[in-house]
Amino acid sequence: MASVQFNGIVKKFKDNLVLNGVDVDIKDHEFVVIVGPSGCGKTTLLRMLAGLEEITGGEILIDGLRVNELHPSKRQIAMVFQDYALYPHMTVEQNMSFALRLRKTDKAEIDARVGEAASILQLQPFLQRMPKQLSGGQRQRVAIGRAIVRKPKVFLFDEPLSNLDAKLREEMRVEIAKLYQRLNATIIYVTHDQVEAMTLAGRIVIMNKGIVQQVGSPIEVYRKPANLFVAGFIGSPTMNLLSGKLSLQGEDLFFSNGDIRISIPPYLLHDAKKHDGREVTVGVRPDDVLVGRTGEKCSDKVEGVLEVCELLGHRENLYIKAGNTRLLATVEAFFDRSPGAAVSLCFNYKNMHVFDKATEKRISE
Amino acid sequence: MEILRSIYEVAGFIVLIALGVGALEAYFYYHFRYYDRPWFFPVALAAFPIGALVAASAIAGSYEFSLWFYFLLAEALIAAAFRYVVKGRHTVPYLLLAPAFVGLALLLVYPFAFEVYLSFHDLKLNTIMMWKNTGRIPFAGLSQYVKVFTTSPLSEVTFWALLGRTLLWTFSNVFFHVLGGFALALLLNNAIRFKGAYRTLLVIPWAMPQVVAVLAMRGEFHSQNGFVNIAITKLLAAFPFLASLGVAPVQWLSDYPLLTCTIVNIWLGIPFMMVVILGGLQSISSSYYDAADIDGASYLQKLRFITVPLIKPVLMPAVTLGTVWTFNNINVIYLVTGQAGGTEQADILVSALYKAAFTYNRYSYSAAFAIVVFALLFFISVTYLHGFDAAKEER
């Protein structure tokens, strides 16, 4: 297994800058998920690591060895493609052994490796089938098997679950997590689905517009998003983002956007005087919007009107309008109020985030 | 005035066709609509055979009452089919299909049936006046078929020599069509500049009327003024040592007519294969090549293990079509080797067939010959399609 380093990676398609200086260090045995919206350059980054795209600038190191000019097959990586890319005219076994056969590996060795991969992935009954005769999940497993057989240093997954339906996606997610525990390999996994990123990753790399926004463990990027983009991207349902202004009244700092006025406690923003008059965006996760709980110690109550309730089973999404500000709160089921009812809510200050409006960077602790 | 008359004639023809289609639709409409009425059979048997007899007499210009009996028989069958089988179902689809169906029957089924009829009789220059005067041709049984295999359709080459030559011609043409088409398609499938322009230029021989293309190309093989020999002469002048290697201008049309035909036809057939294969190449997902790159396949290995197997589904029907077209290609041979008479060295089955029928006026013999050729082609196509199905089955 191996470490991977991206040093100042730049990619241009003609005049179109796709990646603009990506620096990421991936350690041995690490499961790193690169996540971002479509078009953020994450797949391009992966393909550059695989050697399928030219590198415009910067360098990629695998195990400390610069691989920029190395042929894909020499980089000791294996890739699982979004559409699986199983050769349609070969059986499962031929698909899995193709790379080894090209390398003229010993027949016994090939059989042993294919057998081992097939047993890990429970593919033995399908070895003589054609890809067309397999279900989506089985094809996915064959694609993974094809990667395992090669015993690569790094596994690359390019949105491997996006062609599967929701239920199968959950199952395969667990399968991949188990596989990681078993192989203990370096895995780089690209997805646009933040749930996959949160559940699978040891570390998440969040990208947008060709720039790495934040690198950190799932809980870090969830608890302390480095900027507005990460705050909005990670977490489901999406964080409430309120733009407004900070103002100092006596010793205390207050946030106001015309509809909502709340105090910002000093443990969120030290040095209150410095922030007086600053334009900011305040982020509160729906789980941290507390609605109608009695006995809550809450100094700044916000009054609003319930617009829509969505019952999810054990939780319920409440869409609340306070003045012109829309807020989403997620509460325990059953919130027994009809749309149109007046509700009062307050925020869980401990989990609030403050971002500078101009730089979009996090300024709260 | 001339123009007015042409317009009048064309309009008259269109009205005639429209009337025919109308009559046809009315006829079928009656059978679909009233099949379950008690008066369905009597009315149908009384009206339609008489109508058909009147129409046939008007067209033929003569009158023969025995026809009425055949029409009556046909109408009884058709009416029974409508009453007991069709039962008024699918009225609209059948009514819409009827004109095309009848048109096909007239243009394909009737000539084919007549050809089979001819092949069992003896229609030739000696008997054609008898046919014209009495309407009868001597019955010949299977003797025409025997003659196909035992006598020459032309003056010297035998059927078997022609068959061998045709197979060689077909194979070499289709082989080079696929090879050339594949090579060009691979080139065009790369991201190269002016791709559209190249593609257009390469497709021109195919898009041009074949007569024009072949005659133009035939000129280039002229012994004195053709491009090929001029090029050879200039080459010899520039590199005299070539002469010692045996390079010299060639009498293409008289000494190597079949080779010339083959070269011309290869040139003509490559664009079609190129277009088909290019379409196949473009439909191959690039992720197979990505996967193969990571698996460590070289360019040739990718070609062998990915490209060729994946274009097979489009290639097989194209090869089948190409085989049938080449086997049947009378245009190139006929136009290159001189239209009337000319050499026999380049004749293949169909061009010999054409000459036997229309130069030597052996109509019945040619009919039998054509049916043998048809049987051969049918066999080849079925074999191909069978192999194609098997290939499809395994993926």
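Chain identifiers are assigned alphabetically (A, B, ...) following the order of the sequence lines, protein sequences preceding nucleic acid strands; residue numbering begins at 1 within each chain.
When heavy atoms are compared at a cutoff of 4.5 Å, R47(A) approaches chain B solely by way of its side chain, counted from C-beta outward. Contacts between R75(A) and chain B at a heavy-atom distance below 4.5 Å are absent for every atom of the residue. In this structure, the portions of I77(A) lying under 4.5 Å from any heavy atom of chain B include both its backbone and its side chain.
Note that OG of S286(B) and CZ of F81(A) are 8.5 Å apart. Values are rounded to the nearest 0.5 Å. Rounding to the nearest 0.5 Å places CG of D83(A) at 7.0 Å from OH of Y288(B).
Around atom NZ of K209(A), no more than 12 heavy atoms belonging to other residues, nucleotides or ligands sit under 6.0 Å away. The environment of OH in Y256(B) is sparse: at most 12 heavy-atom neighbours from other residues, nucleotides or ligands sit within 6.0 Å. When the shell of 6.0 Å around CD of E54(A) is examined, it contains 12 or fewer heavy atoms from other residues, nucleotides or ligands. No more than 12 heavy atoms of other residues, nucleotides or ligands sit less than 6.0 Å from atom CZ of F171(B). Enclosure of atom NZ in K195(B) by more than 12 non-hydrogen atoms of other residues, nucleotides or ligands within 6.0 angstrom is indicated. Remark: R103(A) CZ is packed, more than 12 non-hydrogen atoms of other residues, nucleotides or ligands lying under 6.0 Å away. In Y94(B), the OH atom is not crowded: 12 or fewer heavy atoms of neighbouring residues, nucleotides or ligands sit closer than 6.0 Å. Within 6.0 Å of OH in Y289(B) there are more than 12 heavy atoms belonging to other residues, nucleotides or ligands.
Looking at every heavy atom in both residues, D293(B) comes nearest to H71(A) through O-CE1, 3.5 Å. The nearest pair of heavy atoms linking A78(A) to I294(B) is CA-CG2, 4.3 Å.
Separation of the F305(B) and Y87(A) ring centroids does not fall under the 6.0 Å cut-off.
D290(B) places none of its side-chain heavy atoms less than 4.5 Å from the side chain of M79(A). For the pair S73(A) and D295(B), the minimum side-chain heavy-atom distance is 4.5 Å or more.
Ranked by non-hydrogen atom pairs under 4.5 Å with chain A, the options A292(B), A291(B), G296(B) are led by A291(B).
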